[in-house]
Engineer: 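Mind looking over this structure? Questions follow.
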Protein chains: 2
Amino acid sequence: MDETAAAEAFAALAQETRLRVFRLLLRHGPAGLPAGDIARRAGTPANTMSTHLAVLSRAGLVQARRESRQVFYAVELTGIRALVAFLVEDCCGGRPGACAPLLDAALPLACCGPVTGDRA
Amino acid sequence: MDETAAAEAFAALAQETRLRVFRLLLRHGPAGLPAGDIARRAGTPANTMSTHLAVLSRAGLVQARRESRQVFYAVELTGIRALVAFLVEDCCGGRPGACAPLLDAALPLACCGPVTGDRA
DNA sequence: TCCATACTTCCAGAATGCCAGAATGATGGA
DNA sequence: TCCATCATTCTGGCATTCTGGAAGTATGGA
């Protein structure tokens, strides 16, 4: 992940509809939701939503898979992880402790309970 | 942190110069850097950089403090933490394990070494 | 008081993004 | 083959953002 890719991902999340959709998909996990459902839930025309979903997809934040006539969108976990990792890498010049309160408790717990400790 | 505030923060990071500046400040920790230094390092006119810094500041990602004639900018740790926490809250509908590989190892280690476990 | 330094605000042109109507694919049933 | 459904692409109007020159606002030294 380089600066351009990260900026693109942040831009994708910088729009309220897209941010809401991303979080909606996050709640639905790997199964995802069909594009039509997403549009309906967001109260957005299908074509507009299609554009938003394309932006999220190009940014590597969601993934599309066709299933018969519907197209399901689901979060791309590696994408969001890479984005956050990129954002905070080299934090405080690598000096542990200088920014310890940054993200420690808030992040893993909010998502998936205590972390296991091994790499992803 | 609500959706509007989060979108504003992402928008602040969605611009390459600002993203580069934010990461630069992250490396400099709480001490921060004077606005002039930041502009010089980025190769950006002072007025343009001032606008960018104002955007980051309004988004709650950096904090300004005056010191004699200079204005130092430093990362706002609570801001970035709140942003990431908001982004992944309710991940997978609260079902631990469904998205376990999401961020566990990558994030805290990249920043500050093993987490302590207590709240910030 | 006068000047130099450091930074911010004002402004306008160029570029980019958002949005939804209309038209165009893709898929499956009759 | 024809039609209905689901989704994407095309298009143009509108709004926002980016950028830097010029002017304005603090701060401190002489």
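When reading the values below, keep in mind they use all heavy atoms of this one structure, side chains included, and skip hydrogens, waters and symmetry mates. Below, read A as the first sequence line, B as the second, and so on, with proteins coming before strands; counting in each chain starts at 1.
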Engineer: Could you tell me how far apart B/Gln70 (CD) and C/dT5 (P) are, to the nearest whole angstrom?
Structural biologist: 13 Å
Engineer: Tell me, which of residues 33-42 of chain A have any heavy atom that sits under 4.0 Å from an atom in DNA chain D?
Structural biologist: A/Pro34, A/Ala35, A/Gly36
Engineer: For A/Phe86, is the NZ or CZ atom of B/Arg23 found under 6.0 angstrom from the centre of its six-membered ring and inside 45 degrees of the ring axis?
Structural biologist: yes
Engineer: Find the distance between CD1 (A/Ile80) and CG (A/Leu25) and round it off to the nearest 0.5 Å.
Structural biologist: 12.0 Å
Engineer: According to side chain to side chain donor-acceptor pair (under 3.5 Å), does anything in residues 51-61 of chain B pair up with another residue at least two apart or in another chain? List the pairs.
Structural biologist: B/Arg18-B/His52
Engineer: Find the distance between CD (B/Gln70) and CZ (B/Arg65) and round it off to the nearest 0.5 Å.
Structural biologist: 10.0 Å
Engineer: According to a strict under-4.0 Å criterion, is A/His52 in side-chain N/O contact with OP1 or OP2 of C/dC19?
Structural biologist: yes
Engineer: Using chain B heavy atoms and a threshold of under 4.0 Å, write down where along DNA chain D the contacts begin and end, 5' to 3'.
Structural biologist: D/dC18 to D/dG28
Engineer: What N/O pairs connect the protein and nucleotides 9-15 of chain C at under 3.5 Å? Give each pair on its own line.
Structural biologist:
none

Engineer: Drop me the distance from A/Thr78's OG1 to A/Leu61's CG, to the nearest 0.5 angstrom.
Structural biologist: 9.5 Å
Engineer: With a non-hydrogen cut-off below 4.0 angstrom, is B/Phe72 in contact with a base, only sugar-phosphate, or nothing?
Structural biologist: nothing
Engineer: For the atom pair CG (A/Leu24) and OH (A/Tyr73), what is the distance rounded to the nearest 0.5 Å?
Structural biologist: 14.0 Å
Engineer: Judged by atom type as modelled, is there a donor-acceptor pair below 3.5 Å linking the side chain of B/Arg27 to the main-chain atoms of B/Gly29?
Structural biologist: no
Engineer: So, do A/Arg41 and A/Leu33 sit near enough that their side-chain heavy atoms are less than 4.5 Å apart?
Structural biologist: yes
Engineer: Give a yes or no answer on whether the side chain of B/Arg81 reaches the backbone of B/Leu83 with a donor-acceptor pair at less than 3.5 Å.
Structural biologist: no
Engineer: Could you give the CD-to-C1' distance, from B/Glu8 to C/dG17, as a whole number of Å?
Structural biologist: 17 Å
Engineer: By a strict heavy-atom criterion of less than 4.0 Å, which residues belonging to residues 61-68 of chain A are in contact with DNA chain D?
Structural biologist: none
Engineer: A/Leu56 and A/Glu76: side chain to side chain contact (heavy atoms under 4.5 Å, CB included), yes or no, with the steps?
Structural biologist: CA-CA 10 Å; A/Leu56 287 169; A/Glu76 177 80 74; over 6 Å; no
Engineer: Rounded off to whole Å, could you give me the CZ-to-C1' distance for the A/Phe10 and C/dG17 pair?
Structural biologist: 19 Å
Engineer: Among residues two or more places apart or on two chains, list those pairs meeting side chain to side chain donor-acceptor pair (under 3.5 Å) that have a residue in residues 1-17 of chain B.
Structural biologist: A/Thr4-B/Glu16, A/Glu16-B/Thr4, A/Arg20-B/Glu3
